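Note: hydrogens, waters and symmetry copies are ignored here, and every other heavy atom, side chains too, is used. Please read all numbers here as calculations on a predicted model, not as lab measurements. Protein chains get the first letters and strands the later ones, always in sequence-line order, with residue 1 at the start of each.
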Amino acid sequence: MDERNDAPARWQDELYDPLRRNNISQFAYVSDAGHHVLIDRSLADPGVRSVALTTEEEGVALLAGADLGGARGVLLMQSSGAGNCVNMLSLIKGGRFPFLTLVSMRGDFGEGNPWQFPMGQAVQPILGAMGVICLRVERPEEVVPTVSAALTMVFQTGHAVAVLLTQKLLGAKQF
Amino acid sequence: MPALIGRHEDFLIVSGLAGTSRDVATLTRDGAHSYTMAGAMGGACMIGLGLALARPDKRVLVVTGDGELLMNVGALATIAMLNPPNLAIICVDNGHYGETGYQKSHTSLGVDLEKIAAGSGIKATRMISAEEELGDGARMLREGNGTAFVGCA
């Protein structure tokens, strides 16, 4: 049993409203325990489209299309998914699309599964190389202010921003 | 392609790479209702989905090739799940990678993209291989209550 699933932290619930207040209407995701509250709330919200992806790079292209149509979206993924996005981020950079992703981290603080380290440790250099600004969050009280800051950076200035929800925040997994 | 699409101004058009992008740019005179790609291979269908969900008041058309579609073929499953009625996909299936030396693609070697689309859950699918079938294909792009997939072999 994933201990992160037992009692959703308050910030997980508090995060949905600022996203909706900022007119996020497309929630693209690959299933992930760290994002399960946002995923469930978007699925239950008739005012948004919740899009389950087969791979994270689909979400990058989806959000570019959303912007072409004047809509805003967010990509919810795990750190391993950042690697799946790399070439599709050319679209974001080349087309100067706004791009917001929330990344639940594995392979950092206290990780117990050796398979998670290579990609987890590569998230920041890889996203940085593709022009995505990374904002790390380690404390619950920083989550909503950091995502609000990211919303401003993305949708007022057209930049690409990843908010990294670290394992200090989420709790480390032992498997 | 002009006969299949008809009045191109009726659509917001997203194209894949190479040949399909050149065809769409020529057809629309690179108009504001088209977005033609020359990279980010595998993204055309999902750009079309994001656009179709954002603009339910418009018809969205993805025009791509077999190689571009094969690179991210899972997108058909994602699209079928949502099944937006204002989205249609044309796949110009020449069975080859035209831009890189005309090597055979998987569809020359037994892979059937229409069956993959149907198996993914897209209900309106068909292949077109003769001129007299264009009318049926053209109707599928403009009508129906779900996403359509039209392959041109």
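- Listed by sequence position, B:Tyr35, B:Met37, B:Ala40, B:Met41, B:Gly42, B:Gly43, B:Met46, B:Ile47, B:Leu49, B:Gly50, B:Leu51 are the residues of residues 34-51 of chain B in contact with chain A, using a 4.5 angstrom heavy-atom cutoff.
- Outside the 6.0 Å centre-distance limit, the rings of A:Phe155 and A:Phe99 are not counted as a close aromatic pair.
- Put simply, the residue from B:Val62, B:Val24, B:Thr20, B:Ile5 that forms a side chain to side chain contact (heavy atoms under 4.5 Å, CB included) with B:Ile90 is B:Ile5.
- A:Lys168 and A:Asp108 are not joined by a salt bridge, as no carboxylate oxygen comes within less than 4.0 angstrom of a charged side-chain nitrogen.
- B:Ala52 and B:Val60 make their closest contact through CA-CG2, 3.7 Å (heavy atoms, listed as atom of the first residue, atom of the second, distance).
- A side-chain donor-acceptor contact under 3.5 Å links A:Ser42 to the backbone of A:Ile39.
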Result block: side-chain N/O donor-acceptor pairs under 3.5 angstrom for residues 59-74 of chain A, not counting sequence neighbours:
{"residue": "A:Arg72", "atom": "NH1", "partner": "A:Asn22", "partner atom": "O", "Å": "2.9"}

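- In this model, a donor atom of one side chain and an acceptor atom of the other lie less than 3.5 Å apart for A:Gln78 and A:Asp32.
- Side chain of A:His35 to main chain of A:Leu102: a donor-acceptor pair is present (N/O by atom type, distance under 3.5 Å, no hydrogens or angles).
- A:Gln124 contributes no side-chain N or O that, together with a main-chain N or O of A:Gln121, makes up a donor-acceptor pair within less than 3.5 Å.
- Side-chain contact between A:Val37 and A:Trp11 is absent, with no heavy atoms from C-beta onward closer than 4.5 Å.
- Pairing each heavy atom of A:Gly107 with each of A:Gln167, the nearest pair is N-OE1, 3.3 Å.
- Under the 30°/60° scheme for interplanar angles, the aromatic rings of B:His8 and B:His33 are found to lie parallel.
- The interface of residues 64-75 of chain B with chain A, defined by heavy-atom distances below 4.5 Å, comprises B:Asn72, B:Gly74, B:Ala75.
- In this structure, chain B has a heavy atom under 4.5 Å from the side chain of A:Thr55, while its backbone stays farther away.
- A salt bridge between A:Asp17 and A:Arg20 is absent, with no side-chain N of the basic residue lying under 4.0 Å from a carboxylate O of the acidic one.
- Linking Ile, Leu, Val, Met, Phe, Trp and Tyr residues whenever their side-chain heavy atoms come within less than 4.5 Å leaves B:Ile13 and A:Leu91 in two separate clusters.
- The contact list for residues 111-150 of chain B toward chain A, using heavy atoms and a distance under 4.5 Å, is empty.
- Both the backbone and the side chain of A:Glu58 come within contact range of chain B, each with at least one heavy atom under 4.5 Å from a heavy atom of that chain.
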